[in-house]
Amino acid sequence: MRKKWAIGATSLTLTLALGISGCTAGDPDSDPGSIELEEGPLTVGIWGGVWEDAINAVIPEFTAETGAEVILDISNSADRVSLLQAGQGSGMDVAFLTPEAMIQAQMSGVLASFTEAEVPNLATTQPVLTDNFADGDGFYAAPISWTSTGILYREDLVPFEITGIEDLWDPALEGRIAIQNMPTLGAASFLVQASSVFGEGPDDIDAGFAALAELRPNIQQFYSVSSDALAALVAGDLWVVSTIANQGVGLADQGVVTILPEEGIAYSIQAAAVTAGADKPNLAQAFVDYLLRPDVQAVWSEAGQTGPSGVDVALSAAAQANIAETPDTVENLVDLDFPFIAENLQTWTERWQREVAN
Amino acid sequence: MSTTSADASGPGVIPRGRRPRDPLIGGWRRWLLAVPIAVVTIPLLIVPLAGIVRAAFDRQTFGARSEGVWTLDNWIRFVTDPFFWQALGMTLLVGMLTAVICFLLGFPYAFLVSRRVAWRELQLGLLIAPLLVNMVARVYGWQVLLADSGPLNQALLAIGVINDPIRMQFGFGAIIVALVHVLLPYMVLAIYAVLGTIDRSYEDAARSLGAPRWRVFRDVTLPLAVPGIVSGFILVFTSAAGSFLVPSVMGGGRFYTLPTLIYQYSQTLDYPLASVIALVLVLVTTPAIVAIQRRSLRTLGTGR
């Protein structure tokens, strides 16, 4: 009798213990580091070119750690937002977008927010970048890297030293300049900078458009693909190109000088978000967190030739020499109002067509 | 031989208003032949086109794909903005000018190839060979060729024709040059396909009746070549007017046609307006094609 009672009590205790452990398994509040990750593959939407190189450099270790394959969906930001807005079936778990596109996506309700508890490495990123994606107590995207916009010019062809945006209006540069075409963040940032330089401030867009209309004689092309402009710069057909500063670093031996404008540095952020329709939300969050790890940030920066978003990312001397983004650069960034840019991009594009580029 | 006449009767006479029965396939079975193309066309053309038509009457606001309304706002935007009319005009001008230049350059070559038996394969091969090269590569090749530092300017500088490079790389002229280069083979092949089937006995008969060569060409050869000319013209016109790559690359971002506007507005996620522009392109080019085709059929005197 006593033996049967002991067996029953032991069984009941074991059953209760298993039941309690089963209830608490996967509860993020009980242990943030023990969230069960879904099985792969994980689908990531990202741009091609150097960004494809950067992500391909960091995927193998993620796959080794989690067992999850990563599939890339290559397209531009606008196409990616459109796909997410189209509804279920986009197939994307993680979406890389530029800030203005990220805002558009967030307003469309196609992104899932996360907290620092779910993506702990968010705490290691530079606030000036991360704060752009704040959403209440959490964030709807994480900055993975950033690039500064510089002025690249042929020192042997331009008859004076260029130190800032205002120098581009010099009549000596007639027909020798290329700037990015709308509707892009690069073109919008240039417009905002022109508004700051020639107007009352970054919001004085009318002054910016007036200034760009005056700049028209100097502009040879409004490029959509920066490599077109860079090839012309190296060939000497163009003398000045406003583009990602890092693209000029490697052209120094071909007579190209890269400067960051003294009026302030415009920039873009390569941000990653978990989509609202992600099939593997936990795995997606883990991937974003992985990309923010300092060691992974270093690999990403070197492969993508871009500045890391992390505060304490140790880059090799060679990698640092290849990029214009430094801790000092961050201090001189132009205060870009990305929501303002995103809300007005359509209107500005129409004005650009009629007043600047036509 | 079958005849149709209200007054004729008897075997072999088909009543007025009825088509002769096809000897190979008739009745409902002939519609089965359309099933494969319908399987492809309906989901890949008709359905997307219906989506574009729907989007053209919708409205899109910032942060949302569409409002799901029915409105003429985007059509009114298009019709009341001179900028869009300018882009439409440029689109038609690019199409027409490219087609005319391709005809002026292509017809003589097609005529030559159709007459000379020797080296015909080589001549056609030289014409078709550029088609084997990716169109993007060819367009960027023109960018290099027309650049200030390109071989054309360098050659002109070297022989002393010019003292400074001529800016040829971006603009209307560069767009037309690139389009003509890309589309000329299609004009030549369309014309050659018809010229090669012309019965020489018509020309021989005209010559035997005393017509000079130029009149034989004008009154016999050229009218018989019209279907090929029309086909080539339609092909080149629609391809040139609908081209996005060439105007965007060779225009330097300062040249707006309807296809480049469709791309720009889709990149700002303004799909309703992009859909309106796309439909305008279809609505404008289709009647032009029909009008050209009807004109050519009247020239042939078929009366259909």
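Letters A, B, ... mirror the listed sequences (proteins, then strands); counts begin at 1.
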Which atoms of A:Gln353 approach chain B - backbone, side chain, both or neither, heavy atom under 4.5 Å: both
A:Arg354 to B:Phe84, cation-pi by 6.0 Å centre distance and 45° axis angle: yes
Rounded distance [0.5 Å steps], OG1 in B:Thr268 versus CD in A:Gln104: 9.0 Å
From CA spacing to verdict: side chain to side chain contact (heavy atoms under 4.5 Å, CB included), A:Glu350, B:Leu273: CA-CA 12 Å; A:Glu350 290 206 322; B:Leu273 185 58; 3.8 Å; yes
Donor-acceptor side-chain pairing of A:Thr349 and B:Tyr265 below 3.5 angstrom: no
Flag if over 12 foreign heavy atoms under 6.0 Å of CD, A:Glu174: no
Winner by heavy-atom pair count (cut-off under 4.5 Å) against chain B, out of A:Val110, A:Val356, A:Ile219: A:Ile219
Distance, nearest 0.5 Å, that separates CZ of B:Phe170 from CG of A:Asp237: 8.5 Å
Smallest separation among heavy atoms of B:Leu269 and A:Ser82, with atom names: CD2-CB, 4.1 Å
Interatomic distance, A:Asn181 atom CG to B:Gln264 atom CD [nearest 0.5 angstrom]: 5.5 Å
Side-chain (B:Arg167) to main-chain (A:Gln220) donor-acceptor, under 3.5 angstrom: no
Heavy atoms of other groups near B:Tyr109 OH, more than 12 under 6.0 Å: yes
Side chain to side chain donor-acceptor pair (under 3.5 Å) between A:Gln346 and B:Gln267, worked out: CA-CA 9 Å; A:Gln346 278 187 8; B:Gln267 290 299 294; over 6 Å; no
Side chain / backbone / both / neither for A:Ala342 at chain B, heavy atoms under 4.5 Å: both
Interface residues of residues 146-154 of chain B facing chain A - non-hydrogen atoms under 4.5 Å apart: B:Ala147, B:Asp148, B:Ser149
Heavy-atom neighbours of B:Asn134 CG exceed 12 at 6.0 Å: yes
Stepwise side chain to side chain donor-acceptor pair (under 3.5 Å) check, A:Asp228 with B:Gln143: CA-CA 9 Å; A:Asp228 293 351; B:Gln143 260 207 352; 4.8 Å; no
Between B:Gly253, B:Ser266, B:Pro82, B:Ala87, the one whose heavy-atom pairs under 4.5 Å with chain A are most numerous: B:Gly253
